[in-house]
Amino acid sequence: METSFALTGKGYVIIAADTTAARSIVKMKVDADKIKVLSPHLLMSYSGEPGDTIQFAEYVERNIRLYQIRNLYALTPSAAASWIRRSLAESLRSRNPYAVNLLVGGYDTTSHQPHLYWIDYLGTMTEIPFGAHGYGSYFALSLLDRYHDPEASLEEGLSTLKRCINEVAKRLVVSPDRYTVKVVDKDGVREVEL
Amino acid sequence: MSIMEYNGGSVVAMVGKDCVAIASDLRLGNQALGISSNFQKIFPVTDRIYVGLPGLATDLSTLRERFRFRVNMYTIKEEREIEPETFARLVSSTLYEHRFGPYFIEPVIAGLSKTPSGGVEPFIAATDLIGCLNFAKDFVVAGTASAKIFGVAEGLWEPNLEPEDLFETISQTLMNAVDRDAFSGWGCMVHVITKDRVITRTLKARMD
């Protein structure tokens with residue numbers, strides 16, 4: 001089942017999302033990238049109803065890009081997250097709401113701080129030091145309560161992430177076997193191999 | 001399960017002697033799963049008015065934005081700050097505008113209103129999710145632990161408490177009530193509004 005994790009550390013945010021695109025009991029694709037790069041210092045993982053997820057993620061991606069073209073500067077992580085939340089909250093009370101859950105992580109180049117936002121399909125948003133969506137969250141959150149360190153280096157952060165992935169692989173019946181992992185810090189966004 | 005209990009959270013406000021206090025827990029959950037232990041539910045409206053918004057968390061954010069917009073518009077048009085009672089009416093009418101598709105929030109308002117003689121008068125109010133106002137002389141409650149807060153507040157509150165005593169009363173009321181509620185807790189935040197300043201404190205509480 002779909003799972004995504006994210007955690008912050010000293011000057012960075014790591015986001016990991018599984019790579020399966022499933023329909024009913026069938027895996028249709030095993031190398032889907034469900035983390036969008038919204039701007040040079042902003043990442044967004046998305047999961048939920050297939051179709052809604054891609055439509056909404058591309059809508060967000062294009063609008064964030066449009067803002068950057070018009071104003072020369074990209075939105076800060078908090079501003080981008082607020083805009084995304086509002087889009088979901090407006091969608092919730094429409095005829096056909098998007099069923100999309102998000103983790104928005106970014107590095108604020110004005111204050112030099114990493115920020116991570118947890119957003120669900122209702123438009124609930126909160127800033128968190130670490131978070132998860134999907135069935136994996138039931139295992140990963142308690143593990144992160146124990147091992148997360150906001151002052152950890154990137155290497156330590158990635159090893160904490162590996163603990164989460166291993167725990168989900170061990171305990172969840174329908175666990176994903178591959179993840180995309182992306183990091184955002186002062187140098188921008190990059191994908192890392194675990 | 002009711003949508004009002006989906007995210008959990010509770011707010012209480014109390015009247016003291018020339019002061020008011022408003023307090024909330026800090027939990028954000030998804031039913032029984034805890035998501036955040038630092039989720040603010042109380043927001044400043046002016047220097048002397050605070051509003052607490054327990055209920056569905058998405059509507060909390062939406063209403064907070066709406067109230068900020070409407071209070072700013074009021075301030076610009078009237079060229080003065082909004083009074084607590086006026087703000088309570090604004091909250092009520094904003095909610096009633098959505099009578100047949102409501103925001104799932106039960107706001108609690110606490111503030112000090114100005115008297116003609118230049119003094120201040122404590123003001124508290126609460127509404128239901130469609131904007132039915134409840135003005136109280138003692139305390140108002142809302143959220144998943146509201147029934148429990150009522151019980152403790154009924155026992156602890158007394159009239160004309162000084163700011164520090166009011167702080168102790170509201171803190172003990174809230175903390176002891178939310179410890180009996182699975183959907184509230186994970187720390188508390190208390191604001192005591194007095195004539196010349198607002199005392200804001202976060203409380204350490206049980207984290208289970």
Side-chain angles (χ1 to χ4, degrees), chain A residues 3-8 47-48 78-95 97-104 115-146 148 150 168 172, chain B residues 1-9 24-43 53-69 94-95 97-105 129-130 143-144 183-187 189 206-208:
Chain A
T3 291
S4 50
F5 318 109
L7 57 125
T8 56
S47 58
S78 68
S82 297
W83 185 84
I84 296 166
R85 188 210 81 81
R86 184 169 255 260
S87 303
L88 274 177
E90 280 169 4
S91 143
L92 181 71
R93 285 188 159 81
S94 72
R95 181 66 72 87
Y98 288 115
V100 187
N101 300 313
L102 310 164
L103 291 166
V104 177
H115 291 284
L116 173 62
Y117 297 90
W118 183 96
I119 305 174
D120 76 359
Y121 73 100
L122 298 168
T124 312
M125 179 172 86
T126 183
E127 188 171 2
I128 43 166
F130 55 82
H133 276 301
Y135 283 113
S137 67
Y138 294 100
F139 306 98
L141 286 181
S142 48
L143 191 139
L144 285 162
D145 277 329
R146 174 68 184 78
H148 177 261
V168 171
L172 186 63
Chain B
M1 188 157 198
S2 158
I3 192 94
M4 295 299 292
E5 278 104 53
Y6 184 76
N7 295 118
S24 79
D25 69 326
L26 291 173
R27 182 179 181 270
L28 170 76
N30 251 213
Q31 316 238 47
L33 175 69
I35 300 294
S36 174
S37 55
N38 187 212
F39 190 71
Q40 309 281 73
K41 292 175 194 72
I42 299 177
F43 306 102
L53 303 168
L56 190 67
T58 176
D59 291 342
L60 173 148
S61 307
T62 307
L63 274 181
R64 187 198 170 189
E65 288 167 10
R66 268 190 111 86
F67 290 147
R68 184 158 82 113
F69 172 73
T94 305
L95 290 172
E97 275 177 11
H98 300 271
R99 171 63 179 82
F100 296 110
Y103 289 120
F104 297 97
I105 295 281
L129 76 170
I130 51 169
T144 55
F183 301 108
S184 300
W186 269 18
M189 184 161 253
R206 283 175 67 118
M207 297 301 277
D208 57 355

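Chain A is the first sequence line, chain B the second, and so forth, proteins listed ahead of strands; every chain is numbered from 1.
Between A:I128 and B:S36, the shortest heavy-atom contact is CG2-CB, 4.2 Å.
Between B:N38 and A:E127 the shortest side-chain heavy-atom distance does not fall below 4.5 Å.
With rounding to the nearest 0.5 Å, the separation of OG1 in A:T124 from CG in B:L60 is 9.5 Å. Summarising the geometry, atom OG belonging to B:S61 is positioned 4.0 Å from atom CZ belonging to A:R85; distances are rounded to the nearest 0.5 Å. For the atom pair OG1 (B:T62) and CD (A:E90), the distance works out to 8.5 Å, reported to the nearest 0.5 Å. Of the inter-residue distances, the one linking B:S37 atom OG with A:D145 atom CG reads 8.0 Å to the nearest 0.5 angstrom. From A:D120, atom CG reaches atom CG of B:L28 across 8.5 Å, with rounding to the nearest 0.5 Å.
Contact tally against chain A (heavy-atom pairs below 4.5 Å) for B:L56, B:D59, B:N7: the top residue is B:D59.
When the heavy atoms of residues 130-138 of chain A are compared with those of chain B, the residues falling under 4.5 Å are A:S137, A:Y138, listed by number.
Of the possible polar contacts, none joining the A:T126 side chain to the B:F39 backbone as a donor-acceptor pair under 3.5 Å is found.
Heavy atoms of B:E65 lying under 4.5 Å from chain A belong exclusively to its side chain. For A:L88, no part lies near chain B; criterion is any non-hydrogen pair under 4.5 Å. With a threshold of 4.5 angstrom between heavy atoms, B:I35 approaches chain A through its backbone and through its side chain. Of the atoms belonging to A:L122, heavy atoms from both backbone and side chain fall under 4.5 Å from chain B.
The environment of CZ in A:R93 is crowded: more than 12 heavy-atom neighbours from other residues, nucleotides or ligands sit within 6.0 Å.
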